[in-house]
Amino acid sequence: MPNWGGGKKCGVCQKTVYFAEEVQCEGSSFHKSCFLCMVCKKNLDSTTVAVHGEEIYCKSCYGKKYGPKGYGYGQGAGTLSTDKGESLGIKHEEAPGHRPTTNPNASKFAQKIGGSERCPRCGQAVYAAEKVIGAGKSWHKSCFRCAKCGKGLESTTLADKDGEIYCKGCYAKNFGPKGFGFGQGAGALVHSE
């Protein structure tokens, strides 16, 4: 069909999109009324849209259709769903059975404690999904806390000493400089006799 008006075409209905009704996403134009999830038909915006090829989805439907599969994914923490996604057009494929390796020369990484690193705080295995790196070591997200006050840390907000990690406040109180003007707060001088 010739494009007589010269305007952009909607990525859903292929009709001309005029400026007042245009929503742009990944180089394509849509009518505001056509900018809907292809599965659940919810209205989308720049914070809720997920694109797969030429198709647009809400993040929830996108996660169910294209996200990771298995226990605990797509339904919220701690839940188990037996929905295999047939309603979304997903064809379930049986995974091949587990076959242990016969390679006698396991890598140095695989030789570490059964293939995973150990958390310095609790001593348990740290797997990729729960791993936080700080002070040159791998920690569980739940163990990545100040050794003194228990405050949750980020890799940019920690200080380490002797293999343990601390928030900057506890580190300063316990290991920082002592004397006039230190440890009492900004600009405070305390003289006790």
Next item on the list: Look at atom CD of Q14 and say whether more than 12 heavy atoms of other residues, nucleotides or ligands are closer to it than 6.0 Å.
Entry: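 Yes, CD of Q14 has more than 12 neighbouring heavy atoms, counting only those of other groups under 6.0 Å.
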
Note to self: As a quick check of understanding, evaluate side-chain contact (heavy atoms from CB on, under 4.5 Å) for K15 and H31, giving each step before the final call.
What the structure shows: CA-CA 9 Å; K15 294 182 181 175; H31 294 106; 4.0 Å; yes

Note to self: Once you measure the plane-to-plane angle for F30 and F35, does it fall in the parallel (<30°), tilted (30-60°) or perpendicular (>60°) bin?
What the structure shows: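 Rings of F30 and F35: tilted, as their planes differ by 30° to 60°.
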
Checklist line | S29 side chain to K9 side chain, donor-acceptor N/O pair below 3.5 angstrom | finding: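 No, no side-chain donor-acceptor pair sits under 3.5 Å.
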
Next item on the list: Show your reasoning for whether side-chain contact (heavy atoms from CB on, under 4.5 Å) applies to C37 and I56.
Entry: CA-CA 6 Å; C37 174; I56 55 175; over 6 Å; no

Side chain to side chain, [X] and [Y], heavy atoms closer than 4.5 Å:
| X | Y | result |
| --- | --- | --- |
| N43 | L36 | yes |
| K8 | E22 | yes |
| Y166 | N174 | no |
| F144 | K137 | no |

Checklist line | Set of residues satisfying side-chain hydrogen bond (donor to acceptor under 3.5 Å, both in side chains) with respect to T48, sequence neighbours excluded | finding: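 Partners of T48 under the side-chain hydrogen bond (donor to acceptor under 3.5 Å, both in side chains) test: D45.
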
Check: Who passes side-chain hydrogen bond (donor to acceptor under 3.5 Å, both in side chains) against E164, sequence neighbours left out?
Finding: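 Here the qualifying residues are R121.
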
Check: Cation over ring, K161 on F175, under 6.0 Å and within 45°?
Finding: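 Cation-pi check for K161 and F175: passes.
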
Notebook entry, point to check: Salt bridge check: are E117 and K131 linked by an N-O gap of less than 4.0 Å?
Noted result: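 So E117 pairs with K131 through a salt bridge.
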
